[in-house]
Amino acid sequence: MTDFFDSLERRDADLRDTEMLAAVKGQIDHARTATEYYQRVLTEQPIESWGDLSRLPVTRKSALMQRQHELPPFGGMSALASSDVKYIFASPGPIYEPASYRADFFRFARALFAAGFRSGDLVHNTFSYHLTPAGHMVDTGCHALGCTVVAAGVGQTELQVQTIANLKPAGYVGTPSFLKILIDKADELNEDVSSLHKALVSGEALPPSTRQYLEEKNVRTRQCYATADLGLIAYETEPDQGLIIDEGVYVEIVKPGTGDPVSEGEVGEVLVTTLNPDYPLIRFATGDLSAFMDGQSACGRTNRRIKGWMGRADQTAKVRGLFIHPSQIAEIVKKHDGVLNARLVIEWVEQSDVMTLRCETDAASADLVSAIEQSIRDICKVRGGVELLRVGDLPKDGVVIEDARQYD
């Protein structure tokens, strides 16, 4: 098992599906009894299939912020007694996240292992330690692997270069752009940072040009996808083969603004259910777009893969003084059985906003157009036109509201 973090990574797909469904069911039962929030919002409907899960409500960051304001510090979503909370972190919003004494609370060890980190390594961690959990996420993952951490944090480029030259860490964790800055500064200062030969990067995109630059500097670079609320979601093992989903979460991809699963391979919003009993987030909306990939990774890990970050799902637009949300478009689609998918296109025509709802349907008629136009007025409180398309004509890119306005 030297190439794999644990046996979970190589489970048969059917076995994983069975065991994951049981784990998610247990987590939901636990959340209903251990947290005030989920006791209130989750029904007693049994979870016997993934279809049952898709009917549960989505938890959004906006609701989390509101709940935390009403019931600080965690909005009734934490299952921890106050005496068991080890840290309170903060992320933009603000949203406050708990952490307990549970080892590798954010499950970063798996991503570090996949990136080549091993027990005894010295790791230079440049993620922030100021309020955000990012630095702590890496620390606890490194400690779970048996690594020692240089708690570098952000900034102080010259001091960090000197520290790397003196201590000679084997690995780097942080953003890819800052790693490039450190290497460039080391060249400028004539300092030797060649001890760095592996890196786990996150927090921003890893462009092919940056990866190539780092590989030319003999730094094997892998990336991961994580959030402050959820911890690790997915991680890379081979370049350009997508991100493998972590074994400690269940991921769904849904139509933005809804909880409805997309068709296979379609871009949608990433929802995550965690298996951490201390902070049991159920169907938590990341606000990020991605898509599942076909097949399995060449590395031998058998879990599903996602394509990585593909944009933001929050496509809210302001039209004639009113905000239009993806959830409103989803509501319109649900009102009309003949409509399968829809995209709202907003254009600037003759000094005015013009909305057109493009709908896929196999039951086109003038009556359907009139009914949809009325639904737009009722739900969005503003008039919009309707264009009926054949099924399959809309791109499957996750876009629900396309703001195509070009101002003179």
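The figures here come from the full heavy-atom set of this structure, side chains too, leaving out hydrogens, waters and symmetry mates. Everything numeric in this text was worked out from a predicted model, so none of it was measured.
Comment: Arg211 does not engage Glu216 in a salt bridge, judged by the lack of any side-chain N to carboxylate O separation of less than 4.0 angstrom. The pair Arg390-Asp362 does not count as a salt bridge, with every side-chain nitrogen at least 4.0 angstrom from each carboxylate oxygen. Note on Lys255 versus Glu269: no salt bridge recorded, every NZ/NE/NH1/NH2 to OD/OE distance being 4.0 Å or above. The pair Arg32-Asp29 counts as a salt bridge, with a side-chain nitrogen and a carboxylate oxygen less than 4.0 angstrom apart. Here Glu347 does not pair with Arg405 in a salt bridge; the nearest charged N to carboxylate O distance is not below 4.0 Å.
For the pair Arg110 and Phe5, the cation-pi test (distance below 6.0 Å, angle within 45°) is failed. Both tests pass for Arg118 against the ring of Phe113: distance under 6.0 Å to the centre and angle within 45° of the axis. Taking the centre and axis of the six-membered ring of Tyr172, the NZ or CZ atom of Lys198 falls outside the cone set by 45° and 6.0 Å.
For the 3.5 Å distance criterion, the side chains of Gln160 and His124 qualify, holding a donor opposite an acceptor. Counting only N and O atoms by type, the side chains of Asp184 and Tyr213 include a donor and acceptor under 3.5 Å apart. Neither side chain, Gln162 nor Glu158, offers a donor N or O lying under 3.5 Å from an acceptor on the other. Between the side chains of Tyr96 and Ser91, no donor N or O sits under 3.5 Å from an acceptor N or O. A side-chain donor from one of Glu266 and Ser263 sits under 3.5 Å from a side-chain acceptor of the other. Inspection of the Arg16 and Thr302 side chains reveals an N or O donor paired with an N or O acceptor under 3.5 Å. A donor and an acceptor atom, one from each side chain of Thr33 and Gln39, are nowhere located under 3.5 Å apart. Judged by distance alone, the side chains of Tyr225 and Asp288 do bring a donor and an acceptor atom under 3.5 Å apart. A donor-acceptor pair shorter than 3.5 Å can be found between the side chains of Ser100 and Asp278.
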>> Test side chain to side chain contact (heavy atoms under 4.5 Å, CB included) on Phe292 and Val262; report intermediate values, then the result.
In response: CA-CA 10 Å; Phe292 287 122; Val262 299; 6.0 Å; no
>> Go through it in stages, so that I can follow the logic: the residues are Leu200 and Glu236, the test is side chain to side chain contact (heavy atoms under 4.5 Å, CB included), and I'd like the CA-CA distance, side-chain angles, deciding distance and then a yes or no.
In response: CA-CA 9 Å; Leu200 178 66; Glu236 187 177 54; over 6 Å; no
>> Run the side chain to side chain contact (heavy atoms under 4.5 Å, CB included) test on Leu281 and Thr273 for me, step by step, so that the C-alpha distance in whole Å, both residues' side-chain angles and the decisive distance to 0.1 Å come before the verdict.
In response: CA-CA 6 Å; Leu281 295 175; Thr273 296; over 6 Å; no
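Within a 6.0 Å radius of CZ in Arg377, more than 12 heavy atoms belonging to other residues, nucleotides or ligands are found.
Between Tyr87 and His136, the distance from one ring center to the other falls under 6.0 angstrom.
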